[in-house]
Amino acid sequence: MRLATWNVNSVKARLPRLLDWLAETEPDILCLQETKCAAAAFPAAEVGKLGYAAAAHGDGRWNGVAILSKVGLDDVTLSFPGEPGFAEPGFAEPGEDGPPGLATLDEDGERGPLAELGAVCPEARAIGATCGGLRVWSLYAPNGRTVDSPHYAYKLAWFAALRDALAAETAAPLVACGDYNVAPTDADVWDPALFVGSTHVTPAERKALADLRALGLHDVVPTPMKGPHPFTYWDYRAGMFHQNKGMRIDLVYAGADVTARVRSAYVDREARKGKGPSDHAPIVVDLHP
DNA sequence: ATGTCGCTTGTAAAGCGA
């Protein structure tokens, strides 16, 4: 069983490369993030020709996640219970981001506590499905922007809700893959000194990952194809990939039974090369039967 | 690193997000 995860940075822009990669790599299950594609516009027919069933979640503009599978695609779940959206009281001010009318403060003008928030308008950041006996999640965590941004508070709230949602699924063989937008350790960024004060490396974000691991999820660290660090993301700018100035922010978090089946895992750095790549590389995990 | 992409919109340049 071959499982993979890839932030493709637009499934439409990446479609030729995605199809080539699928034909060459032949994963049984692929989790996609940043499809930037409405669910109805997802290229299901194209991947279908390669033998994949597809489930997609997306509004067409930003975000967007999907799962492709050759080994069954059942019990599809869009979003997860309690998932917050950004356009809610507590995060966005009226008129800031999100659909007008959804971003509101309480009647007295106060921001409500997060615990009282309903899921008014979750973004397309999570899709789950049962594939080949595994409960699979494709996740795209909020970026957070800067630590003083409401997007950062939203990111932490999203992780807290994710923890609670995954806690309810630990009885199944669980694997939660995707772009977590958090580098688990200082070794997971090319220059930790440059990241002091930035998102992706803060103690609170790393605690959010630790809270997921406390559920019994294990960080399946892939083998890098070059250098000591299994980076999965390199900014398009300034020759960052060429200099291997990357980050490990795409993660495979696997339950105990799935972890015990891991034969090998690697970063497919080749997929970051050449003309028109995503800024992320796929992670490929091979499981014993 | 702030050097590039991909998306969107007053279908062209500019703003936004990452």
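Residue numbering restarts at 1 for every chain, and letters A, B, ... go by the order of the sequence lines.
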P gap between B:dG15 and B:dG3, integer Å: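 Each nucleotide's P atom is 14 Å from the other's.
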Tell me which pairs pass salt bridge (Lys or Arg N to Asp or Glu O under 4.0 Å) where either residue lies in [range], with sequence neighbours left out.
{"range": "residues 146-159 of chain A", "result": "A:Lys155-A:Glu205"}
{"range": "residues 44-54 of chain A", "result": "none"}
{"range": "residues 63-80 of chain A", "result": "none"}
{"range": "residues 213-232 of chain A", "result": "A:Asp219-A:Arg248"}

Contact check, side chains of A:Asn244 and A:Arg269, non-hydrogen atoms, under 4.5 Å: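 Sidechains of A:Arg269 and A:Asn244: in contact.
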Contact list for DNA chain B against residues 177-185 of chain A - heavy-atom distance below 4.0 Å: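 Contacts with DNA chain B under 4.0 Å: none.
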Sugar-phosphate, base or nothing in reach of A:Phe195, heavy atoms under 4.0 Å: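 Result for A:Phe195 = nothing.
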Sugar-phosphate, base or nothing in reach of A:Gly276, heavy atoms under 4.0 Å: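 Contact class for A:Gly276: none.
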Under 4.5 Å side-chain linkage, directly or through intermediates, the cluster mates of A:Met225: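 So far as hydrophobic clustering goes, A:Met225 is joined with A:Trp6, A:Val8, A:Val11, A:Leu15, A:Leu18, A:Leu19, A:Trp21, A:Leu22, A:Leu30, A:Leu32, A:Phe42, A:Val47, A:Leu50, A:Tyr52, A:Leu68, A:Tyr266, A:Val284.
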Fellow cluster residues of A:Tyr152, listed by chain then number, with links counted only when side-chain atoms sit under 4.5 Å apart: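 Its cluster partners, ordered by chain and number, are A:Val147, A:Leu156.
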Between N or O atoms, less than 3.5 Å apart, protein on one side and nucleotides 9-11 of chain B on the other: list the pairs.
none

N/O (side chain, A:Arg14) to phosphate O (OP1/OP2, B:dG6) under 4.0 Å: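 Result: yes.
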What's the closest nucleotide to the side chain of [X] if the choices are [options]?
{"X": "A:Lys12", "options": "B:dC7, B:dA18, B:dT4", "result": "B:dC7"}
{"X": "A:Lys36", "options": "B:dG6, B:dA1, B:dA18", "result": "B:dG6"}
{"X": "A:Arg145", "options": "B:dA18, B:dA1, B:dG6", "result": "B:dA18"}
{"X": "A:Leu194", "options": "B:dA1, B:dA18, B:dG17", "result": "B:dA1"}
{"X": "A:Met240", "options": "B:dG6, B:dA18, B:dA1", "result": "B:dA1"}

Residues that A:Arg237 engages under side-chain hydrogen bond (donor to acceptor under 3.5 Å, both in side chains), provided they are two or more places apart: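 If we apply the side-chain hydrogen bond (donor to acceptor under 3.5 Å, both in side chains) test to A:Arg237, skipping adjacent residues, the hits are A:Asp235.
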Test side-chain hydrogen bond (donor to acceptor under 3.5 Å, both in side chains) applied to A:Ser264 - qualifying residues, sequence neighbours left out: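 For A:Ser264 there are no side-chain hydrogen bond (donor to acceptor under 3.5 Å, both in side chains) partners, ignoring immediate neighbours.
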A:Asn143 vs A:Ala13, nearer the 5' end of DNA chain B by closest nucleotide: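 The residue closer to the strand's 5' end, by nearest nucleotide, is A:Ala13.
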Most 5' of A:Pro142 and A:Ser10 on DNA chain B, judged by nearest nucleotide: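 The 5'-side residue here is A:Ser10.
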Carboxylate-amine/guanidinium contact A:Asp186 A:Arg206, below 4.0 Å: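 Salt bridge between A:Asp186 and A:Arg206, a charged N being under 4.0 Å from a carboxylate O: yes.
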Hey, what are the protein-to-nucleotides 12-15 of chain B N/O distances that come in under 3.5 Å?
none

Selection residues 176-196 of chain A - residue pairs positive for ring pair (Phe, Tyr, Trp, His ring centres under 6.0 Å), sequence neighbours left out: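 Residue pairs with at least one partner in residues 176-196 of chain A: A:Tyr180-A:Tyr253, A:Trp190-A:Phe195.
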